[in-house]
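We count residues from 1, following the sequence as given.
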Amino acid sequence: MAVRSSFAALCLAVLTMSSALAQDGTTSLTADLALTDPTTGQPMQPGAGQMVRLDLALTDAVTGQPPRGVPLQGWVRPVQAGNASCEQAVRGFLTTGGVPSGSVNLNTSVLAMLSRDGSVGVIDPKLNLMSANMLAAFRLDETAGGLVVDPVRMRILATQGAAGKLLALPVPGGEAEELASGLAAPAGLALTDDGDIWVASSGDGTLSRLSPDGDRRGSTRMGDVRATLRDDSDVPIVAFSDTGAIRLIDRATGRTLLDLGPGAPLSDVAAIGTTGLLALPAGGSTAQLRYLDALNAPVDIPLGLPFARVSVSLDGRFAIAWTPGKATFVLIDLARAQVVQPVALRDATVTEARIFNDAAYVLSHDGGFVGVIDLATVDLGRAAEITEVRLGVKGARPQGETALLVPLVPSPQLLAVDPVTQTGFVIEAMSGVNGMPPMDATRLRGGIPQKVLVVDRRLAETTPGRFGVVWSFPAGDYELMLTTGITGLSTCLPFAVQGIRQANGVMPVRMEVSTGAEPIQADQPHDLRLTFYGPEGDVIPMPRTRILVPSFRSGWRTDVMAVPQPDGTLAFQVTLPHAGTFALQPMQLPPNLGLRSAVMIEAVETEG
């Protein structure tokens with residue numbers, strides 16, 4: 001399906017801007033919107049809940065060439081009565097920076113969060129002012145050993161080690177899909193640009209390559225013990241095993257750049273751009289530097305202490321080595337092949353550390369801060385200048401493998417996650433200069449965070465004048481809203497999604513409660529289940545939802561968290577204080593769903 005719109009940019013009468021100024025900024029463009037299959041690229045007519053790629057092409061009507069450097073922004077809104085006109089909607093967006101409720105914002109990223117209880121949630125920080133900012137939630141049979149985002153197909157891939165499975169979780173919500181089974185204790189995950197999935201085995205040291213659909217393309221045995229994958233963006237994928245075998249994989253092609261056989265056991269390995277790698281031998285107090293053009297001439301870098309983890313800057317100049325739970329870390333100048341600054345935190349230990357842009361960042365939960373070191377200040381004989389950005393709370397360092405210090409690419413910011421308050425704090429670039437506390441934060445609802453990943457949901461420019469993003473929508477008519485700024489151009493491109501249409505963009509759902517065979521006894525905990533049904537009687541799976549429980553007899557009320565179950569129901573437990581009638585009311589539903597009515601339950605006096 002394709003939609004074509006030729007337009008001259010509309011003048012937006014913002015404040016007292018003159019028509020002459022608007023005319024000076026006007027550009028004549030032609031916009032083509034095509035709906036394509038995210039995997040094959042073929043045109044498609046999407047159905048309700050089906051992933052579709054919005055392919056947008058801009059062409060300069062004067063030159064016939066695609067424009068370059070267009071600052072395009074957009075969102076998708078349902079077509080419904082009462083919508084503002086296209087130009088009014090764009091004016092509102094440019095004034096407030098926000099999109100109307102019920103729209104899909106294509107200018108921001110969302111977050112995928114693995115909780116300590118094993119559930120996976122999708123969080124939209126732009127919904128922070130609402131009672132719930134979750135877009136989707138998935139309850140897994142076991143905690144995912146590996147978690148990675150596939151932005152091309154807008155899904156989260158998760159390994160289930162004990163079950164030997166690889167699952168695909170759609171970011172907009174829906175049913176989890178089993179991509180592969182029979183894997184040998186799958187753990188680490190990585191993706192190459194062609195969509196192939198690399199899976200490391202924690203059981204027999206096998207590195208497997210799967211197609212985007214989960215079909216096995218091949219495997220390599222790296223050793224008889226655990227194999228690990230590192231998937232740092234913009235650098236080659238690194239696979240290594242406890243036996244010391246290392247494999248470097250080109251992210252663009254999947255081609256092997258380096259394949260070293262077993263050697264000394266390793267704690268960690270990081271790629272140095274496309275030129276080499278830095279390895280930490282297990283239990284040793286040296287780092288080993290190898291360049292691809294001199295593999296047989298490794299350089300040992302004395303560290304003074306053994307370290308478990310290492311992170312390398314994208315330009316390959318600096319590295320930081322640390323051990324979770326320890327207070328000491330070192331900064332390494334790779335050009336000099338030596339440690340230039342050892343640092344010991346005072347009354348704090350390191351949870352995670354990484355080098356991002358031009359600074360080293362150290363997250364300490366028991367210290368309650370993120371330490372920032374400007375790499376321009378790092379040199380031999382110079383004391384480390386570390387600025388502490390206070391998070392306002394101290395807590396125990398989380399156990400196990402974490403991902404709680406996350407770059408918000410393409411922004412120059414990082415997200416530092418505090419599990420105690422279930423909050424992600426945005427660390428600005430200037431924080432390392434003045435130690436200013438974070439001015440922005442987002443609540444990570446749905447569980448205690450263990451790992452957080454960024455999911456890019458922006459209208460990304462793939463080639464000059466070509467933009468695209470993948471998402472799914474309920475059945476109905478929609479408009480893709482586009483703008484390039486105040487004096488630029490704006491337009492609305494319509495498209496449709498097949499299926500049962502929702503009245504006014506909202507699907508009515510019916511809620512039923514199952515109380516079990518036994519009556520609900522007052523003052524006794526009781527397990528309940530809620531099931532939501534669509535217009536055709538089909539079960540509508542719901543994310544984690546907080547349920548309000550007020551009494552009709554007294555002023556008592558409480559709220560409980562209902563957790564998704566494999567059969568699509570929500571389960572929770574509640575203790576009612578007295579006999580009588582109580583209501584069950586979801587406090588927040590997904591924006592495309594509307595509840596017909598709440599349900600009531602009855603408690604009886606406790607027997608005896």
Side-chain angles (χ1 to χ4, degrees), residues 73 75 96-99 105-115 121-135 147 149 151 171 232-234 311 313-314 320 348 350-375 386-395 397-398 402-458 460:
Q73 295 178 290
W75 68 98
T96 66
V99 302
N105 193 334
L106 303 180
N107 311 300
T108 62
S109 297
V110 297
L111 304 174
M113 183 184 77
L114 174 66
S115 302
V122 180
I123 297 162
D124 186 351
K126 289 299 182 180
L127 301 180
N128 281 343
L129 296 180
M130 300 185 182
S131 58
N133 60 1
M134 293 189 69
L135 298 178
L147 202 71
V149 174
V171 173
D232 296 329
S233 60
D234 299 323
S311 175
S313 61
L314 283 179
I320 183 170
V350 179
T351 300
E352 294 180 34
R354 70 184 308 141
I355 295 180
F356 179 63
N357 286 347
D358 298 320
Y361 296 84
V362 179
L363 173 61
S364 173
H365 285 108
D366 51 15
F369 65 85
V370 174
V372 185
I373 301 176
D374 185 351
L375 294 180
I386 181 168
T387 303
E388 293 185 0
V389 181
R390 288 287 167 182
L391 303 180
V393 62
K394 294 183 180 181
R397 183 182 65 83
T402 61
L404 301 175
L405 187 61
V406 187
L408 297 175
V409 177
S411 165
Q413 304 166 319
L414 288 94
L415 190 73
V417 178
D418 173 54
V420 174
T421 60
Q422 300 177 36
T423 303
F425 298 95
V426 178
I427 308 298
E428 301 283 350
M430 290 300 293
S431 299
V433 176
N434 52 27
M436 181 177 63
M439 302 301 291
D440 193 13
T442 185
R443 286 297 308 275
L444 302 174
R445 297 177 172 91
I448 300 176
Q450 188 72 14
K451 293 183 181 180
V452 176
L453 304 177
V454 176
V455 184
D456 193 347
R457 194 180 58 174
R458 296 173 302 118

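Residues forming a salt bridge (charged side-chain N to carboxylate O under 4.0 Å, His left out) with Arg397 (at least two apart in sequence, or on another chain): none. Residues passing the side chain to side chain donor-acceptor pair (under 3.5 Å) test with Ser109: none are found, sequence neighbours excluded. Listed by chain and number, the residues in a side chain to side chain donor-acceptor pair (under 3.5 Å) with Asp456 are Arg458 (sequence neighbours excluded). Leu405 is linked by a side-chain contact (heavy atoms from CB on, under 4.5 Å) to Glu352, Arg354, Tyr361, Leu363, Leu414, Ala416, counting only residues two or more places apart in sequence or in another chain. Under the rule for a salt bridge (charged side-chain N to carboxylate O under 4.0 Å, His left out), the partners of Asp232 that lie at least two apart in sequence or sit in another chain are Arg230. Annotation: side chain to side chain donor-acceptor pair (under 3.5 Å) contacts of Thr108 (sequence neighbours excluded): none.
Residue Asn107 qualifies as enclosed at atom CG: its count of foreign heavy atoms under 6.0 Å is above 12.
Between the CG atom of Asn357 and the CG atom of Leu314 there is a distance of 8.0 Å, given to the nearest 0.5 Å. Taking CZ from Phe369 and CD1 from Ile386, the interatomic distance works out to 6.0 Å, rounded to the nearest 0.5 Å. Atom CG of residue Leu453 and atom CG of residue Leu111 lie 9.0 Å apart, to the nearest 0.5 angstrom.
When all heavy atoms are compared, the tightest approach of Pro449 to Leu444 is CG-CD1, 4.0 Å. Scanning all heavy atoms of the two residues, the minimum distance from Ala353 to Ile320 falls at CB-CD1, 3.9 Å. When all heavy atoms are compared, the tightest approach of Arg457 to Asn105 is NE-O, 3.0 Å. The heavy-atom pair separating Arg390 from Gly367 by the smallest distance is NH1-O, 2.7 Å. Between Ser411 and Phe356, the shortest heavy-atom distance links the atoms O-CZ, 3.7 Å. When all heavy atoms of Lys394 and Asp366 are compared, the closest pair comes out as CD-O, 3.6 Å.
Counting only distance, with no hydrogens or angles, the side chain of His365 and the backbone of Val393 share no donor-acceptor pair below 3.5 Å.
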So Val110 and Ile123, side chain to side chain contact (heavy atoms under 4.5 Å, CB included) or not? Walk me through it. CA-CA 6 Å; Val110 297; Ile123 297 162; over 6 Å; no
Set out, in order, the CA-CA distance, both residues' side-chain angles and the distance that settles side chain to side chain contact (heavy atoms under 4.5 Å, CB included) for Ile373 and Ile355, then state yes or no. CA-CA 9 Å; Ile373 301 176; Ile355 295 180; over 6 Å; no
May I have the step-by-step check of side chain to side chain contact (heavy atoms under 4.5 Å, CB included) for Leu408 and Val454, ending in yes or no? CA-CA 7 Å; Leu408 297 175; Val454 176; 3.8 Å; yes
